[in-house]
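Input: a single structure, listed below in structure tokens.
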There are 2 protein chains.
Amino acid sequence: MPTAENASASRSEEILSVAQNFIQSRGYNGFSYRDIAAEIGIKSASIHYHFPTKGDLGKAVTARYTEQFGKQLQRIEASADTAHERLKKYATLFRDTLIERHLLCMCGMLAGDIETLPELVKLEVAHFFEAQQQWLTGVITTGKTTGEISPAITAAAWATTLLAALEGAMLVSRGLDQNDQFDIVTDALLSSLFKSSKTNS
Amino acid sequence: MPTAENASASRSEEILSVAQNFIQSRGYNGFSYRDIAAEIGIKSASIHYHFPTKGDLGKAVTARYTEQFGKQLQRIEASADTAHERLKKYATLFRDTLIERHLLCMCGMLAGDIETLPELVKLEVAHFFEAQQQWLTGVITTGKTTGEISPAITAAAWATTLLAALEGAMLVSRGLDQNDQFDIVTDALLSSLFKSSKTNS
DNA sequence: GTCTATAAGATGATAGAC
DNA sequence: GTCTATCATCTTATAGAC
């Protein structure tokens with residue numbers, strides 16, 4: 001899950017970074033151009049120079065998020081060999097966002113706001129979820145070939161299930177204000193997925 | 001999941017019903033008193049007569065939602081005997097909201113908006129999730145005693161997991177604009193939970 | 001209970017100076 | 001690129017008439 005720090009290269013990037021944080025904490029309708037401007041220390045008119053409309057900003061920040069997320073997925077593939085390790089690291093992406101950074105997944109947030117989003121932003125949100133599904137399906141499929149995961153498991157179905165459970169676990173943990181609920185969900189799901197395997201390293 | 005129809009008894013109920021629909025479709029910050037008033041055919045000042053602040057309205061609609069949800073849970077207990085049937089009907093509550101009514105769970109929505117909510121509304125949201133957890137834990141515990149569910153399953157952990165997966169499945173289905181994703185998640189989860197049982201009627 | 005009128009502030013957005 | 005100034009509109013909320 002992209003980190004969205006403020007030590008940015010360009011002003012555009014800084015705006016995107018701040019906007020991302022706002023969406024992940026307050027949702028698409030919970031912040032304004034003035035909020036972003038105040039956080040950076042400029043005026044809201046300056047934001048409009050970089051992103052004429054809020055839809056432009058929303059589209060850009062969502063596309064950037066999916067792209068950054070993709071890099072994290074590559075990092076996981078490079079640093080973990082087994083499906084089990086990869087899925088654990090994947091879950092940690094969400095966990096860190098929730099517990100260390102006190103944020104939700106940006107596209108989980110936007111999915112809730114979908115009825116209020118410009119069409120181009122909706123498309124980016126769908127694209128994010130498709131990318132996650134695709135990656136998870138690949139990891140689970142690999143796990144089946146190595147014997148880590150039971151052949152009875154349908155990779156695509158469990159990809160969606162895992163994704164949904166992670167998004168929902170963030171939501172429920174936040175609603176209850178109980179961080180430990182997140183770990184309980186990921187532990188239950190992952191041990192269910194890997195139950196009849198050789199080693200749950 | 002409460003139905004929130006507009007054929008209401010009192011005006012207060014009608015306002016709550018319309019507000020609930022707005023929260024479930026657009027989130028807490030995606031509608032205004034004017035939106036509610038326009039839908040009913042009155043003026044926004046009239047809403048303030050019934051609910052002075054938006055926080056008052058938010059608290060009332062959330063408490064009412066939890067209460068109505070509780071009645072649905074009682075209906076499930078009365079109409080289904082096995083844990084499997086009860087959990088299937090529970091999932092159908094969420095499914096109907098998503099697929100038939102094109103809405104999300106109200107408290108799932110509010111959990112996303114939590115950083116922008118008045119304190120009293122946050123408490124109601126937490127109360128809703130606690131009530132769901134408690135009920136699901138009871139159903140799963142019963143399923144263990146009857147042998148429907150493996151004794152290895154931790155009831156409380158799977159209660160949260162099921163709840164999170166249902167909330168997340170709504171979100172992901174909506175983000176992808178693919179209703180079938182919801183059923184895929186519930187099928188995977190429920191068959192996982194009941195896999196080694198006598199009969200999955 | 002609902003209305004009109006009104007307030008004080010926020011919102012997304014634009015025009016034009018520097 | 002960023003600013004000031006301004007815009008029309010929306011937001012929550014109140015006062016007082018009917």
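Throughout, protein chains are lettered first and strands after them, A, B, ... in sequence-line order, and every chain is numbered starting at 1. Excluded from the calculations below are hydrogen atoms, water molecules and symmetry mates; all remaining heavy atoms, backbone and side chain alike, are included.
Look at OH on Y28(A): it is 9 Å from P on dG12(C), rounded to the nearest Å. Following rounding to the nearest Å, I36(B) (CD1) and dC10(D) (C1') show an atom-to-atom distance of 15 Å. Atom P of nucleotide dT2(D) and atom CZ of F51(A) are separated by 11 Å, given to the nearest angstrom. Y33(B) has its OH atom 23 Å from the P atom of dT6(C), to the nearest Å. Taking atom NZ of K54(A) as the reference point, atom C1' of dA10(C) lies 12 Å away to the nearest angstrom.
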Worksheet entry | Trace of the salt bridge (Lys or Arg N to Asp or Glu O under 4.0 Å) decision for E67(A) with R64(A) | CA-CA 5 Å; E67(A) 186 196 329; R64(A) 174 173 167 274; over 6 Å; no
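Contact check of residues 40-50 of chain B against DNA chain C (heavy atom, cut-off under 4.0 Å) returns I42(B), K43(B), A45(B), S46(B), Y49(B), H50(B).
Using a 4.0 Å heavy-atom cutoff across all strands shown, F31(B) reaches sugar-phosphate atoms only and no base atom.
When the side-chain nitrogen and oxygen atoms of R11(A) are compared with OP1 and OP2 of dT2(D), one or more of them lie within a distance under 4.0 Å.
Relative to the ring axis of F31(A), K54(A) places its NZ or CZ within 45° and under 6.0 Å from the centre.
Between K122(A) and E119(A) there is a salt bridge, since a side-chain N of the basic residue sits under 4.0 Å from a carboxylate O of the acidic one.
One N or O on the side chain of Y65(B) and one on the backbone of M106(B) form a donor-acceptor pair closer than 3.5 Å. For R95(B) (side chain) and F182(B) (main-chain N/O), no donor-acceptor pair under 3.5 Å exists by modelled atom type. Formation of a donor-acceptor pair under 3.5 Å by the E148(A) side chain with backbone atoms of H84(A) is found in this model.
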